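What you see below is based on every heavy atom in this structure, not just the backbone, and it leaves out hydrogens, waters and symmetry mates. Because the structure is a prediction, the values reported are computed rather than measured.
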Amino acid sequence: MGYLFKEGDTMSKNIRAGHHRTVIQRFITDPLTAIVVLFLWFFLKIMPVDVASFIGERLGIFLSFLMRGKNKTALHNLRKCFPNKTDEERRQILHGMWCHFGRMIGELPHLEKMYERTEIIGLENIREARDDAKGGFFCSAHLGNWELCGLITHKEGMPLHLVYRAANNPWTEKLLYQKRRLPGVQLIPKGTEGAKQMVSLLRQGEHIGMLCDQKLKEGIDVPFFGYLAKTAPAIAAMALKMDVPIYPARVIRLKGARYQVEVLSKIKIQKTEDRNADIYQVMLYINQLLEKWISEHPEQWLWIHHRWPKSEYQD
């Protein structure tokens, strides 16, 4: 598939990573899936925003039946994080998650229009980051419509380069890369090359957005909802090494296709002579903040990830 892209292009490296796909996936299921995604994108785009959001909710409910394995993972996570809730309460949260996630899919083709439908809290913190003449991080989670963080900062004159994981399907990856990339924004792949790209951007005074709620197999053990979870330390390590701030940000659905973006003051990072301990403290603070946010709006977090060891999910 590499012939579709220019050599040296960041995206092409991610797309070519799909070479491990089977022949059937590469030449049949992957292209067909991409065609369906492209059709759905344009179908939703010609709809009014509220209609597209409602259709997306129906799609989310359909996906909940189609992806039963994900439901099993989500319910395991919900039992782990909310042991005091009843099974019915957990199922209601799961249903709400699929409805919310589906609405998000419906709204993505209308991302630019969502700016006028979003209430912003902490605008002064975005402007502080923009005007302090140094680079920095914005950390968030798969909560609400996380894609809106980049749009809001972009509207304020501060491109937010985003760390992301390339889709397994290289055809879909090309489509999503083109659709979600704002002018002047780089999408940074996870891994060694992405780390080098981040360092370069920070040295140029640029800002990077990271979702800090997923498992990293090589990460450090940090408590999350009372259980040790492999946590990616890169945001803390780079912030400490390069002396740049970290601003926590979250996006919450208010009602229908309307949101609230909240950007908090930069995290107070204290340096000691024990760098590993410093990194741990920053990540502990972030995990505790994410716990609080998720507990306030559990139906808006993506519960379908393997946040803990995969062996837990094999029963």
Side-chain angles (χ1 to χ4, degrees), residues 37-64 93 95-130 138-162 164 175-185 187 207 209-211 213 247-265 289-290 292-294 296-303:
V37 170
L38 187 62
F39 169 80
L40 185 62
W41 182 281
F42 284 109
F43 172 74
L44 292 168
K45 192 173 181 63
I46 64 175
M47 298 288 116
V49 177
D50 292 306
V51 174
S53 181
F54 175 78
I55 293 173
E57 180 178 309
R58 303 297 102 183
L59 175 62
I61 294 172
F62 171 73
L63 289 175
S64 72
I93 292 173
H95 176 75
M97 183 211 75
W98 283 115
C99 290
H100 163 74
F101 182 61
R103 278 187 175 270
M104 182 181 167
I105 292 173
E107 294 154 4
L108 279 178
H110 301 277
L111 196 60
E112 281 284 341
K113 298 176 184 176
M114 300 307 297
Y115 179 74
E116 298 177 355
R117 292 168 164 261
T118 302
E119 170 190 337
I120 306 172
I121 297 176
L123 189 58
E124 68 278 7
N125 294 320
I126 297 176
R127 291 171 177 170
E128 176 186 85
R130 179 194 65 192
F138 282 71
C139 72
S140 191
H142 291 84
L143 184 70
N145 189 337
W146 55 89
E147 298 282 348
L148 283 174
C149 285
L151 176 67
I152 299 301
T153 61
H154 193 269
K155 291 289 186 180
E156 286 299 314
M158 187 183 74
L160 190 63
H161 308 287
L162 304 174
Y164 84 117
L175 171 65
L176 294 178
Y177 184 95
Q178 292 175 343
K179 297 299 182 186
R180 65 196 288 210
R181 186 177 185 179
L182 292 167
V185 170
L187 295 183
H207 293 82
M210 295 183 70
L211 300 177
D213 56 340
Y247 291 85
R250 67 169 169 173
V251 185
I252 296 299
R253 183 184 301 279
L254 297 177
K255 186 178 180 181
R258 296 189 178 276
Y259 290 90
Q260 179 186 87
V261 170
E262 181 182 13
V263 180
L264 303 185
S265 301
L289 183 60
L290 296 185
K292 177 177 178 293
W293 286 351
I294 293 164
E296 289 174 355
H297 300 278
E299 75 288 350
Q300 295 191 34
W301 192 52
L302 209 56
W303 289 94

>> Apply side-chain contact (heavy atoms from CB on, under 4.5 Å) to residues Leu160 and Val185 and explain how you reach the verdict.
In response: CA-CA 6 Å; Leu160 190 63; Val185 170; 5.8 Å; no
>> One pair to check against side-chain contact (heavy atoms from CB on, under 4.5 Å): Thr118 and Asn145. What are the steps and the verdict?
In response: CA-CA 11 Å; Thr118 302; Asn145 189 337; over 6 Å; no
>> What verdict does the side-chain contact (heavy atoms from CB on, under 4.5 Å) test give for Val263 and Thr153, after you've listed the backbone C-alpha separation in whole Å, the side-chain angles of each residue and the deciding distance to 0.1 Å?
In response: CA-CA 10 Å; Val263 180; Thr153 61; over 6 Å; no
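A distance-only check finds a donor-acceptor pair linking the side chain of His110 to the backbone of Met47 [under 3.5 Å]. Counting only distance, with no hydrogens or angles, the side chain of His154 and the backbone of Pro183 share a donor-acceptor pair below 3.5 Å. Listed for the Ser53 side chain is no donor-acceptor partner under 3.5 Å among the backbone atoms of Asp50. In this structure a side-chain-to-backbone donor-acceptor pair under 3.5 Å is present from His100 to Gly144.
A salt bridge is defined here as a Lys NZ or Arg NE, NH1 or NH2 lying under 4.0 Å from an Asp or Glu carboxylate O, and Glu107 with Arg258 fails to meet this definition.
Aromatic ring pairs are classed by plane angle as parallel below 30°, tilted from 30° to 60° and perpendicular above 60°; the pair Trp98 and Phe101 is perpendicular.
Scored by the side chain to side chain contact (heavy atoms under 4.5 Å, CB included) test, Ile120 finds Tyr115, Leu123, Ile152 as partners (sequence neighbours excluded). In this structure, the side-chain hydrogen bond (donor to acceptor under 3.5 Å, both in side chains) partners of Lys292, at least two apart in sequence or on a different chain, are Glu296. Every residue two or more places apart in sequence or in another chain that forms a ring-ring contact (aromatic ring centres under 6.0 Å, His included) with Trp303 is listed here: Phe82, Trp301. With sequence neighbours left out, His297 forms a side chain to side chain contact (heavy atoms under 4.5 Å, CB included) with Arg250, Ile252, Glu299, Gln300. Residues forming a salt bridge (charged side-chain N to carboxylate O under 4.0 Å, His left out) with Arg127 (at least two apart in sequence, or on another chain): Glu156. Considering only residues two or more places apart in sequence or on other chains, Tyr247 meets the ring-ring contact (aromatic ring centres under 6.0 Å, His included) condition with Phe138.
When every heavy atom of Ala52 is checked against every heavy atom of Leu44, the shortest pair comes out as CB-O, 3.6 Å.
Here the SG atom belonging to Cys139 is positioned 6.5 Å from the CG atom belonging to Leu290, to the nearest 0.5 angstrom.
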